S.K.: 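The structure is given below, and queries will be raised subsequently.
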Amino acid sequence: MRPDLRQTVRGMRDLLPDEAWRLRFIEGCARSLAELYGYEEVITPIIEYYELLAAKIGEENRKRMYVFEDLGGRKVALRPEFTASIARLVSTRMVSAPKPIRLFSFGSLYRYDEPQLGRYREFWQANYELIGSDKPEADVEILSLTNDLIEAVGLRNYVIKINHIGVLRGILEHEGISEDEQNSIMQLLDKKDWDGALKLAEKYGTSHKCLETLKRLFSVRSKDKNIFFKEISEAVKDYPSALEALNNFSEIVDLVERGGLSIHFQFESSFARGLEYYTGIIFEVYAPELNIAVGGGGRYDKLIGLFGGEDVPAIGVAFGVDRIMLAMEEQGVNPPKPERIRALVVAVDENNIVDALRIAVTLRRHGIQAETDVMRRGLSRALSDADRRGIAYTIIIGPKELGEGKVILRDMRSKVQEETRIEELPSKLSVF
Ligand code: HAM
């Protein structure tokens, strides 16, 4: 079928100036925060080997990758996330860099998701990775940064859903469930298919006692950490590595509070993420107006080692910029665009176009945003167009005034006009 060339490809969008500005506003907040926390930017390719990106991304995400063969016959894919590329980078070119390593990335990613509100096939992330520490204070740093980014863009209503994947894995491991089988169970949990997850666990041969534990676990949801940790430690008391994970989880949450941070957590022990590389805490940020996450992350201590060399502990988070834009709209967050003086230079007579160009060049050199009229539609059309576009001043070049080294400066708001010497224009406009 012949495509409709007036349409973007399904799932792809154009961002119009206002939308592009919002995206860059969020990028600006993300960059400032990276600087504040000491994260340095790395730029990795959009195209990577399929095997690298597919390694631990999880079945659902794997099926949604844009995979193709390049002209050299290599099986490659468009990146669906940054983390695999960063892990590759750290295990190769940054292998001897002193730890910790703090890396920031910003860019577009590609997933063949079913397009709907907040779910696109091309979307943008601001991504932070803290590499080299397995200590709880590293987890706290990423949680703190997560909270700060959401606040920095102006969102006030949000909650961070959190769990520790080591608890579930600890139980399943104890029952002799293989890692692949665990992953299949996690995929169902990620889709909130708790019954399906229980059935699958049963199919893999988990004991009746374990199924009861899982059932109990899947029902624990609380905003109160004391209730949550009490319930879970009761439920998993016979599973040593699950208990160990729970201790790590509670140490991190304690440290958040003692470190002076106030983060709204929603503790949920049935919460899993589709990505398979997580080994410790996992979390997602929700704005209640949207039922999709605006950000997510977690600890992954075994991914970097997968690409050769030793395991290097790491934790990170990525924010969905497109979804943050939606949440800002829903919550009425409208960051004001910084205003600059805008001037339009119009030649009344076509013979003076060169003079108009020269004056605009001079104004720009003084940092004044200047446009020249490029339509030659006549003065009155140029003025009404300037009005419509919110131009503050129009500089009208007429042959008579020009002969005296002057132009007419028109204040578009008050409609007051005055003759001004050309060399005085920059200083006059800067003062306004
Ligand atoms: P993720 O949860 O797959 O995590 O993606 C992070 C965020 O990207 C999501 O919370 C969501 O806001 C946004 N996002 C994902 N898919 C789409 C889509 N189709 N359309 C719009 N936005 C989307 C990761 O990517 C991990 N790499 C995060 C991480 C970093 N973990 C450790 N380090």
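Throughout, residue positions are numbered sequentially from 1 according to the sequence presented. It should be emphasised that the depicted structure is a prediction, and the values quoted were computed from it without experimental measurement. Remember, it's 1-based here, ligands and their atoms both numbered in the order they're listed.
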S.K.: Output the list of atoms in ligand 1 that are nearer than 4.0 Å to some heavy atom of N127, sorted by atom number.
M.R.: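 That gives atoms 30 (C) of ligand 1.
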S.K.: Tell me, which protein residue and heavy-atom name are nearest atom 28 (C) of ligand 1, and how many Å apart are they?
M.R.: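 Ranking protein heavy atoms by distance from atom 28 (C) of ligand 1, first comes G296 O, 3.4 Å.
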S.K.: How far is atom 21 (C) of ligand 1 from its nearest protein heavy atom, and which residue and atom name does that atom have?
M.R.: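 Here the nearest protein heavy atom works out to G118 O, 3.3 Å.
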S.K.: Which option wins on minimum heavy-atom distance to atom 3 (O) of ligand 1: R119, E81, R111?
M.R.: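 Going through R119, E81, R111 one by one, R111 has the nearest heavy atom to atom 3 (O) of ligand 1.
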S.K.: For ligand 1, does E129 get within less than 4.0 Å through its side chain, its backbone, both, or neither, judged by non-hydrogen atoms?
M.R.: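 Side chain only.
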S.K.: Could you list which atoms of ligand 1 come closer than 4.0 Å to a heavy atom of V294?
M.R.: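 With V294 as reference, the close atoms of ligand 1 come out as 10 (O), 12 (O).
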S.K.: For atom 10 (O) of ligand 1, which candidate among G295, G320, P80, A318 provides the closest heavy atom?
M.R.: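 Minimum heavy-atom distance to atom 10 (O) of ligand 1 goes to G295.
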S.K.: Run the salt-bridge test on K56 and E179 with the 4.0 Å N-O cut-off and return the result as yes or no.
M.R.: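 A salt bridge links K56 with E179.
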S.K.: Is there any N or O on R273 that sits under 3.5 Å from an N or O of ligand 1?
M.R.: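 The answer is yes, given that R273 and ligand 1 share an N or O pair closer than 3.5 Å.
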S.K.: Indicate, with yes or no, if the rings of F249 and F229 have centres closer together than 6.0 Å.
M.R.: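 When the ring centroids of F249 and F229 are compared, they turn out to be within the sub-6.0 Å range.
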S.K.: For the residue pair E289 and Y158, establish whether any side-chain heavy-atom pair is separated by less than 4.5 Å.
M.R.: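 A side-chain contact is absent here, since even the closest heavy-atom pair is not under 4.5 Å.
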S.K.: Side-chain donor-acceptor pair under 3.5 Å between K223 and Q266, yes or no?
M.R.: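 Yes, a side-chain donor-acceptor pair sits under 3.5 Å.
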S.K.: Regarding atom 29 (C) of ligand 1: of the candidates F319, Y278, Y120, F82, which has the closest heavy atom?
M.R.: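 Answer by nearest heavy atom: Y278.
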S.K.: Considering heavy atoms of the protein only, find what lies nearest to atom 9 (C) of ligand 1 and give residue, atom and distance to 0.1 Å.
M.R.: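 Checked against all protein heavy atoms, atom 9 (C) of ligand 1 sits closest to A293 O, 4.0 Å.
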S.K.: For ligand 1, note which part of Y277 has a heavy atom under 4.0 Å away: side chain, backbone, both or neither.
M.R.: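 Under 4.0 Å from ligand 1, Y277 contributes side-chain atoms alone.
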S.K.: Using side-chain heavy atoms (C-beta onward) and a distance below 4.5 Å, is F283 in contact with V317?
M.R.: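 Yes, their side chains come closer than 4.5 Å.
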S.K.: For ligand 1, which part of D113 has a heavy atom less than 4.0 Å away: the side chain, the backbone, both, or neither?
M.R.: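 Only the side chain of D113 comes within reach of ligand 1.
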S.K.: Is any side-chain heavy atom of I47 closer than 4.5 Å to a side-chain heavy atom of F68?
M.R.: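 I47 reaches F68 side chain to side chain.
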S.K.: For atom 5 (O) of ligand 1, which protein heavy atom lies nearest, and how many Å away is it?
M.R.: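 Sorting protein heavy atoms by distance from atom 5 (O) of ligand 1 puts Q125 NE2, 3.1 Å first.
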S.K.: Under a 4.0 Å threshold between the charged nitrogen and the carboxylate oxygen, would R13 count as salt-bridged to D322?
M.R.: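 Here D322 pairs with R13 in a salt bridge, since their nearest N and O are under 4.0 Å apart.
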S.K.: Side chain, backbone, both or neither: which applies to I292 and ligand 1 if a contact is any heavy-atom pair less than 4.0 Å apart?
M.R.: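 Looking at I292 and ligand 1, no heavy atom falls under 4.0 Å.
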S.K.: Can you tell me which residue and heavy atom of the protein come closest to atom 14 (N) of ligand 1, and the distance to 0.1 Å?
M.R.: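 Going by distance alone, atom 14 (N) of ligand 1 is nearest to F123 CE1, 3.5 Å.
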S.K.: Looking only at heavy atoms of E284, does any of them come nearer than 4.0 Å to an atom of ligand 1?
M.R.: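 For ligand 1, residue contact (heavy atoms, under 4.0 Å) with E284 is absent.
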S.K.: What protein heavy atom is closest to atom 24 (C) of ligand 1, reported as residue, atom name and distance in Å?
M.R.: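 It is L275 CD1, 3.6 Å.
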S.K.: Give the C-alpha distance, both sets of side-chain angles, the deciding distance and a yes or no for salt bridge (charged side-chain N to carboxylate O under 4.0 Å, His left out) between K203 and E181.
M.R.: CA-CA 10 Å; K203 189 178 144 204; E181 290 169 339; over 6 Å; no
S.K.: Within ligand 1, which atoms have a heavy atom of G316 less than 4.0 Å away?
M.R.: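 Those of ligand 1 that fall under 4.0 Å from G316 are 30 (C), 31 (N), 32 (C), 33 (N).
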S.K.: Return the OG to CZ distance between S250 and F228, rounded to the nearest 0.5 Å.
M.R.: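 If we round to the nearest 0.5 Å, S250:OG and F228:CZ are 10.5 Å apart.
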S.K.: Show me which atoms of ligand 1 lie under 4.0 Å from any heavy atom of G297.
M.R.: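 Ligand 1 atoms under the 4.0 Å threshold to G297: 31 (N).
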S.K.: Give a yes or no on whether a salt bridge exists between D113 and R121, defined as a side-chain N under 4.0 angstrom from a carboxylate O.
M.R.: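 Looking at R121 together with D113, the answer is no, because their closest N to O distance does not fall below 4.0 Å.
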S.K.: Is it true that E129 and Y300 share a donor-acceptor pair across their side chains at a distance under 3.5 Å?
M.R.: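 Side chains of Y300 and E129: pair found under 3.5 Å.
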S.K.: As a test of understanding, state which of I282, L275, L168 forms a side-chain contact (heavy atoms from CB on, under 4.5 Å) with M186.
M.R.: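 With M186 as partner, I282, L275, L168 yield a single side-chain contact (heavy atoms from CB on, under 4.5 Å), made by L168.
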